Amino acid sequence: MEVQDPRFLCDDHCGRLARWLRFVGFDCRHDQSATDATVLMIAGNEDRIILTRDHHLAAMVLARQAILLQSSDPVGQLREVIDSLSLVIDQARVLTRCTMCNSPITPVAATDIWDRIPPYVQKTRTEFKTCSVCGRVYWEGTHLTRMVERLRGIGLPV
Ligand SMILES: [Zn+2]
């Protein structure tokens, strides 16, 4: 199947995949305590593709509205999602969405988030982004570099 700018919904067992999808810019909901019934309802209401490793859950929806994941590794799962929808990673969208809560993140002045970043970051970084919903602050650093390296390791152009 091929879908333009798809939106996703991870079931409660693939929350780590949600963070990776958001990292590369895709809209992905994940409600940790959601039951199968809730997942089905939200996916239907918001036109989201369900990502799950649960055969029963996948069987309850039309094939084009769910992807049954094989891998237990979130990066392997990301590869499966990208392959099954023939998605293209847009580098301009990497790190535009909060990996924790799925909201858009935007550049912020260092002075506005100074008290929320560790001292070593204050000394070495000047550019920051923040999530206006949960308040998480993002900056270029080793964690980010490691994530990009893992994506390149599975052949994704980030
Ligand atoms: Zn957030």
Side-chain angles (χ1 to χ4, degrees), residues 3-53 57 65-67 69 71-82 85 87-154 156-158:
V3 182
Q4 288 292 319
D5 203 16
R7 302 195 304 160
F8 300 103
L9 176 61
C10 283
D11 78 355
D12 57 344
H13 299 297
C14 55
R16 289 194 300 155
L17 169 62
R19 287 192 221 163
W20 282 96
L21 279 164
R22 292 165 186 163
F23 179 71
V24 293
F26 291 107
D27 182 336
C28 183
R29 270 190 71 162
H30 171 240
D31 301 303
Q32 205 151 14
S33 56
T35 61
D36 284 359
T38 314
V39 166
L40 290 166
M41 188 188 70
I42 295 171
N45 287 349
E46 301 183 5
D47 194 21
R48 292 176 181 273
I49 297 169
I50 297 170
L51 305 176
T52 182
R53 297 188 69 210
L57 178 59
Q65 289 170 331
I67 296 173
L69 303 164
S71 176
S72 57
D73 169 62
V75 175
Q77 292 170 346
L78 177 68
R79 177 89 251 184
E80 289 179 48
V81 174
I82 285 169
L85 296 176
L87 296 177
V88 177
I89 301 283
D90 180 354
Q91 290 190 31
R93 287 175 61 182
V94 172
L95 211 62
T96 56
R97 192 173 284 279
C98 181
T99 57
M100 301 308 287
C101 79
N102 197 38
S103 305
I105 57 175
T106 48
V108 64
T111 47
D112 289 347
I113 43 85
W114 207 239
D115 56 342
R116 281 188 267 156
I117 49 179
Y120 74 94
V121 175
Q122 293 176 350
K123 288 191 194 118
T124 54
R125 303 292 162 197
T126 53
E127 291 184 15
F128 302 93
K129 289 181 175 179
T130 190
C131 171
S132 61
V133 175
C134 77
R136 190 181 170 92
V137 179
Y138 294 85
W139 61 85
E140 298 276 343
T142 49
H143 177 64
L144 198 69
T145 307
R146 270 201 300 271
M147 288 185 83
V148 168
E149 278 169 4
R150 282 210 65 192
L151 295 177
R152 287 182 181 150
I154 60 163
L156 292 178
V158 288

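For ligands, and for the atoms within them, numbers begin at 1 and follow the listed sequence. Along the sequence shown, residues carry numbers from 1. This structure is a prediction, so every number in the text was calculated from the model and none was measured.
Taking the ring axis of Y138 as reference, the NZ or CZ atom of R136 stays within 45° of it and closer than 6.0 Å to the ring centre. Geometrically, R97 does not engage F23 in a cation-pi contact, judged by NZ or CZ lying under 6.0 Å from the ring centre and within 45° of the ring axis.
Using a 4.0 Å cut-off between a side-chain N of Lys or Arg and a carboxylate O of Asp or Glu, R29 and D11 do not qualify as a salt bridge. Ion pairing of D27 with R93 is absent here, as no side-chain N (NZ or NE/NH1/NH2) approaches a carboxylate O to less than 4.0 Å.
In terms of modelled atom types and a separation under 3.5 Å, the side chain of R53 and the main chain of S71 share a donor-acceptor contact.
Legend: protein N/O/S atoms lying under 2.8 Å from the Zn ion (ligand 1), waters omitted, number 4.
For R79, the side chain to side chain contact (heavy atoms under 4.5 Å, CB included) test picks out I82, D83, I154, L156, with sequence neighbours left out.
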